[in-house]
Amino acid sequence: MKMDQPVKRDDPAYANQLHVAVIMDGNGRWASNRGWPRLVGHRKGAERVRELVNACPELGIRYLTLYAFSTENWSRTTEEVLGLMSLFGRYIKREAGRMKQEGVRMRIIGDRTPLDPKLRALFDWIEEDTSANDRVHLTVAINYGGRDEIRRAAGAVAREVKAGRLDADAITDATLSAYMDTSALPDPDLVVRTSGETRVSNFLLWQAAYAEYVFTPVLWPDFSPETMSTILDAFGQRERRFGGVLK
Ligand code: IPE
Ligand code: IPE
Ligand code: MG
């Protein structure tokens, strides 16, 4: 939603247009608590993603943006990194038909250049295959870091200035937004982080300037559409002032 004025909780502007971003955390702990390998937690987490995407229309979520792999996550074991990458590919292949049918438009954000070419081809394909959809906008952040995204955008802007296509004095917030991976999306209204951690971990640093944050102790593999519904109720009680004063 594009808003810079104070908004009341019952504002019709919210209706079915929410952009919710989620830092899906706690997969590893969920599995370890049961004595299982961390990848089992990631697999369970992917099932939760599928459920949540399907529930978006009834939850009033038009844009759902999910943090799946950060620029910092390369520091994990090769087994876990490869396991996650193959899970992303499997998810896309398995869900493509349903997404197409249900009107889900899928986008991948983050720097995909260091990823496996087959996975990159799959990203290109699903983005193209669902590009006519408009009911739910599912965006998955893979090899994504907020600072990395801002760095790439700054580089692209600098190249345009150098080429004489852009006037440095005419650069606005909107110019920068247009060079972010999320250029097609409104800013998030709400950022949810699961697993009890209360940090941002490099997620949507530019876009979440005025987002509301909710931190829940629920581990991602235990997160359900009902959990989201409860969080949205709490979000709906908040007054978003955007620096202004509610009338
Ligand atoms: C989140 O769960 C998923 C990714 C970061 C890929 P974690 O894997 O971070 O799970 P915890 O935080 O170790 O429990
Ligand atoms: C953030 O979770 C990244 C994703 C959910 C993909 P992490 O578990 O990697 O973050 P830290 O290490 O707790 O900051
Ligand atoms: Mg974690």
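Whatever order the structure lists them in is the order used to number ligands and atoms, beginning at 1.
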Qualifying residue, where the test is salt bridge (charged side-chain N to carboxylate O under 4.0 Å, His left out) with Glu95 and the options are Arg90, Lys100, Arg50: Arg50

Shortest protein contact, atom 5 (C) of ligand 2 (heavy atom only): Met24 O, 3.3 Å

Distance filter under 4.0 Å to His42 heavy atoms, resulting ligand 1 atoms: 3 (C), 8 (O)

Which atom of Asp25 approaches the Mg ion (ligand 3) most closely (N/O/S): OD1

Any N/O pair Arg29/ligand 1 closer than 3.5 Å: yes

Close approach of Ala31 to ligand 1, heavy atoms, under 4.0 angstrom: no

For atom 10 (O) of ligand 2, the protein heavy atom that lies nearest, with its residue and separation: Arg193 NH2, 3.3 Å

The single option from Asp189, Val192, Leu52 passing side chain to side chain contact (heavy atoms under 4.5 Å, CB included) against Val20: Val192

Lys/Arg N to Asp/Glu carboxylate O, Glu212 vs Arg238, below 4.0 Å: yes

Six-ring centre of Trp30, Arg34 cation under 6.0 angstrom, axis tolerance 45°: yes

Ligand-residue contact atoms, ligand 2 with Asp25, heavy atoms, under 4.0 Å: 2 (O), 8 (O)

Candidate with minimal heavy-atom separation from atom 2 (O) of ligand 1, of Asn27, Asn33, Thr194: Asn27

Min heavy-atom dist Ser195 to ligand 1 below 4.0 Å: no

Ligand 2 versus Phe203: contacting region, heavy-atom distance under 4.0 Å: neither

Min N/O separation Glu197 to ligand 2 under 3.5 Å: no

Closest approach of any protein heavy atom to atom 9 (O) of ligand 2, naming residue and atom: Asn73 ND2, 2.9 Å

Arg76 to ligand 1, any heavy atom closer than 4.0 Å: yes

Pair Asn54, Glu102: side-chain N/O donor-acceptor within cut-off below 3.5 Å: no

Which of the ligand 1 atoms, numbered from 1, are nearer than 4.0 Å to a heavy atom of Ala68: 6 (C)

Salt bridge flag under 4.0 Å for residues Glu128 and Arg107: no

Minimum-distance protein heavy atom relative to atom 13 (O) of ligand 2: Arg199 NH2, 2.8 Å

Distance, nearest 0.5 Å, that separates CG of Leu119 from CD1 of Ile142: 6.5 Å

Check: Thr139 and Leu66 side chains under 4.5 Å, non-hydrogen atoms: no

Atom 14 (O) of ligand 2: nearest protein contact (heavy atom, Å): Ser201 OG, 2.6 Å

Numbered atoms and elements of ligand 2 in range of Phe69, under 4.0 angstrom, heavy atoms: 6 (C)

Side-chain heavy-atom pair Tyr91, Val49 within 4.5 angstrom cut-off: yes

Criterion side chain to side chain donor-acceptor pair (under 3.5 Å) on Ser224 and Thr227, from CA distance to verdict: CA-CA 5 Å; Ser224 65; Thr227 321; 3.0 Å; yes

Residue part near ligand 1, for Ser70, under 4.0 Å between non-hydrogen atoms: neither

Check against salt bridge (charged side-chain N to carboxylate O under 4.0 Å, His left out), Asp181 and Arg152: CA-CA 9 Å; Asp181 297 345; Arg152 287 185 284 109; 2.7 Å; yes

